[in-house]
Amino acid sequence: MPGSTSRGPVVACAAYAGGARVADVEIQDISDVLALDDRFVWIGLYEPDEPLLREVQAEFGLHDLAIEDAHLAHQRPKLERYGDSLFIALRTAQTDRQQRRIAFGETHLFVGARYVVSVRHGASLSYADVRTRCEATPHLLAKGPSFVLHAIMDFVVDQYFPIVDALEDDLETLEADIFGDNASRDTTMRIYNLKRDLLELKRGVSPLVDICNRLMRTDLDLIPDDARPYFRDVYDHAIRVNEKVDGLRELLGTALEANLTLTTIAQNEATKRITGWAAIFAIPTMIAGVYGMNFEFMPELQWRWGYPMVMGITVGLCGLLYYRFKRSGWL
């Protein structure tokens, strides 16, 4: 199972004091740790089952609705307050190179004055690096759960940048195919798939702007004043990703219109060529049809030069039509 360890879905559970990691903690011992005023607990879970979530709920007094959302893992990004705790749902994204598509997952965060619980589902990188970076900056980790929340959100948002950059490269390749000689029906399918990926990214990134706005507001007393500037940084990153996605969606819509327009023009050009050749071949068909009728008296039938004359007129008329069509761009 990606992201799990020998301990199962509990990836990490540790207590912190003064910005330093003081001990690894078992779930059932969390209450004893929280009895000490200077400590907070950070738990990382990966796709936990309901009994484990209920155990965590009992230790922190989490709300039933928030636990239900974290267990079902089909939530849109949101921020909700339940008493003295926050519940935040985020969408994560990773590039699936084998299937050449974007895989999406979810991260649910429970944040209180003295605890952070992260629950990951689906496609998501481990937060072990986030924990390591936080532990490497004890002066910031000393701010408590609010800084941990910022670090996780910043990590989630930053994972969108390489995905958006890869989509920009895909769009450039599509544009080269559309305006080159490689446009085909497959090009339209690629455009559709790219639009679908951008829509999924939009659904994941756009709500983050509102979430960061709420975390920066002074009426949310669970976030200390000295931690609010860090969420402004996450807000700026979310705005940048959101603007990039919007720009790509507009360019992709224009690319789709250009592809359809060029396809229509190509079809019209083919129709014009077919029509021109059909008109040219109509002349010998008509003359051959006249002389193919079984009549005794035909024009110039007994004349020695009748056959060469008819053939010459046929070739001449065909050549004249070819010249006119060629000059007008039909052939």
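Excluded from the calculations below are hydrogen atoms, water molecules and symmetry mates; all remaining heavy atoms, backbone and side chain alike, are included. The structure presented is a predicted model; accordingly, all values stated were derived computationally and were not measured.
Using modelled atom types, no side-chain atom of R232 and backbone atom of M216 make a donor-acceptor pair closer than 3.5 Å.
Among all heavy-atom pairs drawn from C212 and V234, the shortest one is SG-CG1, 3.6 Å. Closest approach of P9 and P48 over heavy atoms only: CB-CA, 4.0 Å. What you find for P77 and G204 is that their closest heavy atoms are CG-O, 3.7 Å.
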For this session: Please report the C-alpha distance between R54 and D64 in whole Å, then the side-chain angles of each, then the deciding distance to 0.1 Å, and finally whether the salt bridge (charged side-chain N to carboxylate O under 4.0 Å, His left out) criterion is met.
Result: CA-CA 9 Å; R54 293 299 178 186; D64 286 337; 3.5 Å; yes
For this session: Evaluate the criterion salt bridge (charged side-chain N to carboxylate O under 4.0 Å, His left out) for residue pair R240 and E243; output intermediate values, then yes/no.
Result: CA-CA 5 Å; R240 285 175 54 196; E243 290 177 347; over 6 Å; no
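From D84, atom CG reaches atom CZ of F60 across 12.0 Å, with rounding to the nearest 0.5 Å. To the nearest 0.5 Å, the span separating CD on Q57 from CD on E68 amounts to 11.0 Å. Rounded to the nearest 0.5 angstrom, L86 CG and L215 CG are separated by 7.0 Å. Interatomic distance, CG of L90 versus CE of M153, reported as 5.5 Å (0.5 Å rounding). In this structure, CD on E47 lies 10.5 Å from CD on E106, to the nearest 0.5 angstrom. Distance CG/L248 to CG/D165: 9.0 Å, rounded to 0.5 Å.
Side-chain contact between L45 and V117 is present, with heavy atoms from C-beta onward closer than 4.5 Å. Contact of the L167 side chain with the L201 side chain is registered, since non-hydrogen atoms from C-beta on lie closer than 4.5 Å. By the 4.5 Å heavy-atom criterion applied to side chains, Q159 and T92 are not counted as neighbours. Looking at heavy atoms from C-beta onward, Y235 lies in side-chain contact with N213 at the 4.5 angstrom threshold. Taking the side chain as every heavy atom from C-beta outward, V11 and Y127 never approach each other to under 4.5 Å.
The aromatic rings of F161 and H237 sit perpendicular to each other, their planes meeting at more than 60°, with 30° as the lower class boundary. By the 30° and 60° cut-offs, the orientation of the rings of Y230 relative to F147 is perpendicular. Between H121 and H108, the two ring planes are tilted [angle within 30° to 60°].
At most 12 non-hydrogen atoms from other residues, nucleotides or ligands lie less than 6.0 angstrom from OH of Y192.
One hydrophobic cluster holds both F87 and L65 under the rule that ILVMFWY side chains link at heavy-atom gaps under 4.5 Å. V245 and L199 end up in different hydrophobic clusters when Ile, Leu, Val, Met, Phe, Trp and Tyr side chains are linked at under 4.5 Å.
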